[in-house]
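Below is one structure, written out as structure tokens, with a few remarks after it.
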Amino acid sequence: MATSKKPWGGRFTEPTNQLVEAFTESISFDSRLYKQDIQGSIAHSKMLAKIGVISKAEAKSIEEGLIDIQAQIDAGSFEWSTELEDVHMNIEARLTDAIGEAGKKLHTGRSRNDQVATDIRLYMRQASDDIISLLQALQYNLLESASNEVQTLLPGFTHLQVAQPISLAHHLLAWNEMLERDVERLQDCRKRINVMPLGSAALAGTSFPLDRDMTCELLEFDRPSRNSLDSVSDRDFLIEFASASSVIMMHLSRMCEEIILWASESYKFIEIGDAFCTGSSIMPQKKNPDIAEIVRGKSGRVIGNLQALLVLMKSQPLAYNRDNQEDKEPIFDTVDTVARSLQVFAAMIPSISYKRETMYQAALKGYATATDLAEYLVRLQVPFRDAHEIVGNTVHFAIEQGKPLSELSLDELQGFGSMIKDDVYDVLTLEGSVNSRSHFGGTAPVRVSEALEDAKQRLDSVQ
Ligand code: ARG
């Protein structure tokens, strides 16, 4: 006689220890897979009916029973039982309670090992699509902001030192490039997610003549998996997703860092909308860029989740091992964290106003056109290394005078290079500098406008 509700009760004479039950359960986190579990079970039962393992009437009653269970879960009236361990056994037990004998036939030719692998792939397929949409929504907002800032000049930095003037839209388009690659990475990962393990059973397949093409089509997978051992065991597709997610968070945290710097008193390049900032409980003057800081901070847990999954998978022998139950919390946390970060970050972008005059003044300050002067000299046949030296001396002199390069007189400039003529002032202005960088990929506003149009078209074409 069975000692419990457990499906393996037949083999056991003692009930499960309470500590073991609490330790091994996954229902507290895998109940999130209920829709995918039901979707997979309906496809499986339809297929069992088609191959004659169960009757059409049984398949119909299974399907109706499962739809009813889904409605109860949706409505919050379904009671999950820890004794039944996971989402798969909870649903199956309830189905059998509701429809009787037919419910007991659903698990024919299937194991929880291929069932859970199928569920998680269905879940991650949707999650990938959702995150791709969120990335694209952020791209859309960035491109909108960039449209107004093609002519806005600010210092570009290397080593966080003023380097050369750039167009603000060019800077925002650099962020867009990162996000576009993030989308591509997820699209690529999705190809390997969308392969169907169902039919692999516990590890070796089943003696029933399953029609795997049929379930594959019903569940809209690209193809059935090729090897039953591999398909119940490997979670590399989750590792890829966590890796692509880590790159997304790494990119967001870089953008956040710039936003935090730009919003600081020392830069004052931007003002973030009040609705996207918080204040201090002690310092009345404070307006803090908390969204950017929290997103930057959340990158830590997503990167941590990637580590957790890699270590979880490492050294596991074929085929399924219970270790794999530990994949769910890190991957669900990854999906939630990336989705919520993208959502709030994207919403903050249109609230940012750009302080064009401050940016312009900052670009004037750091001798950002020194390279332009060197390149001017090269065009007058001065070897680049000599030009570099001449300009170094000129900048040193200008710093002593407390003047930008463009305010040195022609006489003063000629003191460093006799070949300098008064057309030099064309390249010493910020406008002259950016306009001259007009090759493909450069920061000249004409090129940036084209790049922006191009980016908008690429985004439109995928949406
Ligand atoms: N809860 C399990 C998991 O998440 C389901 C599969 C259990 N399989 C088993 N043979 N105990 O991986």
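Counting convention: from 1, in listed order, for ligands and their atoms alike.
For the pair Arg125 and Phe221, the distance from NZ or CZ to the six-membered ring centre is under 6.0 Å and the angle to the ring normal is within 45 degrees.
Ring geometry, Trp262 versus Trp175: the interplanar angle falls under 30°, so the pair is classed parallel (tilted spans 30 to 60°).
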Atom pairs, nitrogen or oxygen, ligand 1 to protein, under 3.5 angstrom:
{"unit_1": "ligand 1", "atom_1": "1 (N)", "unit_2": "Ser26", "atom_2": "OG", "d": "3.3"}
{"unit_1": "ligand 1", "atom_1": "1 (N)", "unit_2": "Asp86", "atom_2": "OD2", "d": "3.2"}
{"unit_1": "ligand 1", "atom_1": "1 (N)", "unit_2": "Gln325", "atom_2": "OE1", "d": "2.8"}
{"unit_1": "ligand 1", "atom_1": "4 (O)", "unit_2": "Lys328", "atom_2": "NZ", "d": "2.6"}
{"unit_1": "ligand 1", "atom_1": "8 (N)", "unit_2": "Asn113", "atom_2": "OD1", "d": "2.9"}
{"unit_1": "ligand 1", "atom_1": "10 (N)", "unit_2": "Asn113", "atom_2": "OD1", "d": "3.2"}
{"unit_1": "ligand 1", "atom_1": "11 (N)", "unit_2": "Arg112", "atom_2": "NH2", "d": "3.4"}
{"unit_1": "ligand 1", "atom_1": "12 (O)", "unit_2": "Tyr320", "atom_2": "OH", "d": "2.5"}

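With sequence neighbours excluded, the residues that form a side-chain hydrogen bond (donor to acceptor under 3.5 Å, both in side chains) with Ser28 are Glu25. Scanning for side chain to side chain contact (heavy atoms under 4.5 Å, CB included) contacts around Asp97 gives an empty result, with sequence neighbours left out. Under the side-chain hydrogen bond (donor to acceptor under 3.5 Å, both in side chains) criterion, Ser341 pairs with no residue at all, not counting sequence neighbours.
Of the options Asp119, Asp37, Asp336, a salt bridge (charged side-chain N to carboxylate O under 4.0 Å, His left out) to Arg32 is made by Asp336 and by none of the others.
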